[in-house]
Structures are given as C-alpha cells and as structure tokens.
Protein chains: 2
Amino acid sequence: MLSTTEENYLKALLQLTIEQVDKSEAGTNELAAHLGVKPATANDMLKKLREKQLIHYEKYGKSSLTVEGRKKAIEIVRKHRLWETFLYEHLGFTWDEVHEVAEQLEHIQSSKLIDKLDELLDYPSFDPHGDVIPSATGEMKIPEKKTLNEETVGHQCKMVGVKDNSATFLQYVDKVGLRINQPIKVLARQPYDELIEIEVNGLKSSVSPRFADNIIIVCHDCETQTRTC
Amino acid sequence: MLSTTEENYLKALLQLTIEQVDKSEAGTNELAAHLGVKPATANDMLKKLREKQLIHYEKYGKSSLTVEGRKKAIEIVRKHRLWETFLYEHLGFTWDEVHEVAEQLEHIQSSKLIDKLDELLDYPSFDPHGDVIPSATGEMKIPEKKTLNEETVGHQCKMVGVKDNSATFLQYVDKVGLRINQPIKVLARQPYDELIEIEVNGLKSSVSPRFADNIIIVCHDCETQTRTC
DNA sequence: TATTTTTGTTAGATTAACCTAACATTTATA
DNA sequence: TATAAATGTTAGGTTAATCTAACAAAAATA
C-alpha cells in the first residue's frame with residue numbers, strides 16, 4: 001500500500017513525463033518544484049520509490065516510471081478524473097472547484113468505490129477539463145484536441161473546453177446547448193458564408209468560424225494513440 | 001485545520017461519551033483501546049488536544065470534549081454518516097461495506113462537498129445503520145429505537161435495522177417492501193390474531209408479532225431528545 | 001577550456017504519530 | 001487499611017516526510 005505522498009510523487013512524474021511530448025523523464029528539481037517541496041525532500045523519495053521498483057532513478061540522472069509505477073500513477077489519475085466528473089455532474093461544482101477536492105478524493109482506497117463511481121457516471125471518457133479518463137484496465141487514450149472549426153463535416157465530436165472565457169461567449173455557448181463533454185455533430189458548412197451547421201442534443205444551430213475557433217473538441221472518429229501500461 | 005488523527009481522537013471521544021448513557025468522560029486506556037493505539041500514544045494526543053482547547057483533560061483524570069471539540073466531532077460523524085448513506089443509496093454498497101470506506105471519506109476537507117452531498121441525498125436523517133445524521137447546524141437528535149412490534153397503531157415510523165439476519169427473514173423483509181430508512185405506517189392490529197397491518201410505500205401487508213419484533217424502528221412522532229453543541 | 005550557473009546530493013534537524021519499558025497513581029479487594 | 005491490580009504517565013526511541021545548509025556534479029557560457 002502506497003502512502004498519499006508516494007502516490008503524489010508517482011502522479012507528478014506521470015504528469016511531467018506524459019504531458020510534455022518527447023520527454024519521458026523528469027529531473028529532481030523539476031519534480032520538487034511541481035510538488036512544492038525542496039529538492040532534498042524529493043531526492044529522498046526518489047530513492048525510496050526506486051527501492052520499491054516504481055521508478056527508474058540513478059544518482060545525478062533523470063527519473064522515470066517503471067511499468068509498475070506507471071500503472072499505479074494511471075490509477076490515481078483515473079480516480080482523480082472520475083471524482084472531478086462526479087463533483088461536476090452530480091454535485092454542481094464548477095470547473096475550477098473540482099480539482100482541489102479531487103486531489104483529496106483520489107487517495108481514497110477502495111477499488112469497489114471507483115468501479116461503482118465509474119458505473120454511476122456511465123463510464124465517462126473525459127473529465128470536466130476535457131482530459132482523458134484512463135480506463136479500468138489502465139489504458140489511456142490520448143485523442144488529438146482541435147477546434148470545432150477544424151472538424152470535418154459529417155463527423156461526430158465532443159466538446160472538451162473553450163478558448164474564450166468572456167461572458168458573451170459563454171452565454172452563446174450555453175444558448176446552442178453546448179457544455180463540457182457534450183457530443184456535437186458537424187452537419188454542414190455553408191459555402192457562401194462559411195457558417196457551420198451543428199447539431200447538439202437534437203438542437204440544430206449555425207455558428208460562425210470565429211465561434212467555432214473557440215470551442216475545443218476531441219474527434220470521436222479520428223485515430224487516437226492508445227498507450228497501455 | 002485538524003489532522004486526520006486528531007479528528008479520529010475527537011470522534012472516538014464523542015462515541016465513547018455519547019453512546020454510553022450517563023457518561024460524558026472517557027479514560028485514557030479506554031480511548032487508546034478504541035482507537036487501536038497504546039495508552040502512551042493516546043496520552044500524548046490528549047495533551048495536544050487540551051492545548052488546542054478541544055478537550056478537558058487533567059493528569060490522571062478522565063477526558064471529555066469541550067463545546068468546540070464536540071462541534072468538530074459531530075461534524076466528522078455527520079460526514080461519516082452522509083458518506084455511508086451515499087455509498088449505500090447511490091453506489092450499491094451493502095451495510096457492512098460502507099463503514100470502512102466512510103472512515104476514509106469522513107476526513108475530506110470541503111464544506112461545499114458535504115452540503116452538496118446532503119442535498120443530493122435529500123437531507124437524510126438516518127444512515128444505513130439507522131444511526132442519526134447530525135444536521136448541518138450540529139444538532140443531533142437521538143430518537144428512541146424500538147421494534148415495530150412496540151409501535152403504536154396510527155403512528156408513522158421508519159425502519160433503521162433488523163435483529164435477525166437469516167436469509168428467510170431478510171427475504172420476507174424485502175417482500176413487504178422494507179429496507180433501511182423506509183418509512184412505515186402502522187395501520188391496525190388485529191385483536192383476533194395480533195397481526196399488525198402496515199403500509200410500506202403504498203403497499204399494505206400484515207405481519208406477525210414475531211416478524212415485527214425483529215424490525216428495529218425509530219418513531220417519527222415520538223419525542224426525541226435534541227442535543228445541540 | 002575555464003568558470004559560472006544550474007542541478008542534484010548528503011548530513012543533520014524537526015514534527016507528528018506511533019512504539020516499549022519503566023514508573024506513578026488510583027481503585028479494588030483481601 | 002495494606003496490598004494487588006488496573007489505570008495513567010514519562011522518558012526515550014522509530015519512521016515518514018519535511019526542512020536548511022553545505023557540498024558535488026553537470027551543464028551552460030564567456
């Protein structure tokens with residue numbers, strides 16, 4: 001059984017090595033800064049996690065997760081994102097409120113709890129920030145994010161975020177029925193004025209390219225990289 | 001901000017002093033045994049909690065909660081029981097599974113989380129074990145528990161537990177529509193054979209005194225002691 | 001390449017929560 | 001009431017996670 005602190009180090013290492021492309025290692029100072037501790041503290045923990053065979057680490061070298069460490073880290077990310085989704089969808093938390101509480105909830109130890117939560121949420125693929133929720137088997141699909149304006153006509157996609165946070169824009173978003181995790185169908189694009197016809201939950205709307213440029217989506221039909229651990 | 005351990009000591013002290021009638025103090029050994037630690041450990045913590053003005057404690061004396069300590073303890077019990085209710089009602093956990101996970105969840109720090117959970121559960125008064133859930137304001141009603149057989153005709157009550165755990169009994173319980181937290185109306189008692197007519201969620205049934213003796217209830221209309229902290 | 005800057009390590013200290021072993025006080029009982 | 005038993009306390013030690021300060025290695029740059 002890992003301590004909350006150990007779990008946080010594994011998660012940090014995953015975040016630092018997966019989210020930056022072409023980089024599967026992190027330095028001690030970098031890791032310490034990410035966790036808000038001093039390098040000396042991180043150094044001790046790196047040695048401890050190496051003993052437990054959860055990371056690769058050599059003196060003066062960068063660190064990376066082992067297969068086992070990566071599995072644990074993905075499990076924590078999965079729990080974090082499922083809790084965020086629960087807080088957002090069932091308890092009316094806003095985007096910016098979910099993270100802090102999920103940081104605590106992700107360390108609750110109960111596999112049944114997570115399975116049941118997943119079921120309650122109907123096996124979501126994305127959290128309220130539009131980030132992928134790893135599956136129970138530890139698979140983590142990393143779909144390409146693009147804007148609604150870049151989506152191909154005829155494709156089905158899903159809103160995962162916005163670029164513009166102004167009130168006028170967000171009200172507009174709301175008006176056409178859009179929200180995080182909302183599926184969108186791109187029906188057509190008017191050749192005359194470039195307006196994009198979309199269908200959201202049965203409601204058809206036409207939106208401008210400018211509007212569409214500010215909606216971040218992931219494509220349902222597009223190829224996704226799948227990384228298993 | 002209290003640590004998880006400090007919270008557990010306060011909760012233990014509340015449980016040891018409220019559940020036993022006529023006893024609002026607990027000894028060091030008793031407390032230590034309840035928490036599964038050595039008396040020396042509990043002793044250190046008692047001094048620490050006294051410093052924080054959360055308990056009354058004097059060398060070689062018994063300990064009790066201060067008004068402030070009691071408030072904190074009740075808040076933890078409230079969280080524990082709300083989480084138990086959530087696990088039972090929304091995630092399909094069984095009675096005996098909820099406690100262990102709630103022990104962890106009760107320490108999550110977020111007042112919004114608890115308020116929203118309370119709302120989601122529709123402000124329940126009892127947890128799946130039939131124990132009272134303290135209100136948001138820290139009031140803790142302690143209704144008298146009795147069996148269904150002891151309930152007065154015409155009264156409304158609520159099932160909070162069973163005395164018999166045999167499969168035949170539990171199937172019967174299920175058949176008449178009974179479950180934890182289920183309101184019951186006692187319609188009549190047949191003078192001829194003592195059968196009790198009850199109404200459960202619109203469904204009327206007649207049950208024997210033997211059956212009714214094994215159903216633990218709390219009375220809705222009866223007087224309850226209210227203890228505020 | 002020599003030097004400075006950045007990065008990483010070690011040693012030693014601190015705090016919280018636990019322990020054991022020895023001791024002190026209170027309570028029960030012979 | 002004297003003594004045994006139960007209960008409570010203290011002193012000193014351990015582990016996990018943190019720190020600071022001093023030092024070592026690697027990387028950047030003049």
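What's counted below: heavy atoms across the whole structure, side chains too, no hydrogens, waters or symmetry copies. A quick note: this is a predicted structure, and the numbers were derived from the prediction, not measured. Numbered from 1 within each chain, the chains take letters A, B, ... in sequence-line order.
The distance from atom CG of A/Asp44 to atom C1' of D/dT20 is 13 Å, rounded to the nearest whole Å. One interatomic measurement links the two molecules: NZ of B/Lys38 to C1' of D/dG12, which rounds to 17 Å at whole-angstrom precision. One can place CG of A/Leu35 at 16 Å from C1' of D/dA16, the figure rounded to the nearest angstrom. Atom CD in B/Glu6 sits about 15 Å away from atom P in C/dT15, given to the nearest Å. Atom CG of A/Asn8 is separated from atom P of D/dA16 by 17 Å (rounded to the nearest Å). One interatomic measurement links the two molecules: CG of B/Asn43 to P of C/dC18, which rounds to 13 Å at whole-angstrom precision. One atom, NZ of B/Lys48, and another, P of D/dT9, lie 17 Å apart when rounded to the nearest Å. In this structure, B/Leu46 places its CG atom 7 Å from P of D/dT9, rounding to the nearest Å.
Heavy-atom distances under 4.0 Å link DNA chain C to A/Tyr57, A/Lys59, A/Tyr60 of residues 51-62 of chain A, given in residue order.
Remark: A/Glu75 engages no residue in a salt bridge (Lys or Arg N to Asp or Glu O under 4.0 Å) (not counting sequence neighbours). With sequence neighbours left out, A/Lys47 forms a salt bridge (Lys or Arg N to Asp or Glu O under 4.0 Å) with no residue at all.
When each of A/Gly36 and B/Gly27 is assigned the nucleotide of DNA chain D with its nearest heavy atom, B/Gly27 is the one assigned upstream, toward the 5' end.
Between B/Thr5 and C/dA17 there is a side-chain N or O to OP1 or OP2 distance below 4.0 Å. The side chain of B/Lys47 contributes an N or O atom lying less than 4.0 Å from OP1 or OP2 of D/dT10. Between B/Thr28 and the phosphate of D/dT9, there is a side-chain N or O to OP1/OP2 separation shorter than 4.0 Å.
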Report task. Begin with the C-alpha distance, continue with both residues' side-chain angles, and end with the deciding distance and a verdict on side chain to side chain contact (heavy atoms under 4.5 Å, CB included) for B/Tyr9 and B/Val37. Result -> CA-CA 11 Å; B/Tyr9 277 84; B/Val37 298; 3.5 Å; yes
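Nearest to the side-chain atoms of B/Ala40 among the listed nucleotides C/dT20, D/dT9, D/dT20 stands C/dT20. Checking C/dC18, D/dT10, C/dT7 against the side-chain heavy atoms of B/Tyr9 singles out C/dC18 as nearest.
The aromatic ring centres of B/His99 and B/His80 sit less than 6.0 Å apart. With ring centers used as reference points, A/Phe169 lies under 6.0 Å from A/Phe211.
As judged by a 4.0 angstrom heavy-atom cut-off over every strand, B/Ala42 is placed among residues making no nucleic acid contact.
B/His34 and B/Glu30 form no side-chain donor-acceptor contact under 3.5 Å, judged by distance and modelled atom types alone. Donor-acceptor pairing under 3.5 Å is lacking for the side chains of B/Thr147 and B/Asn149.
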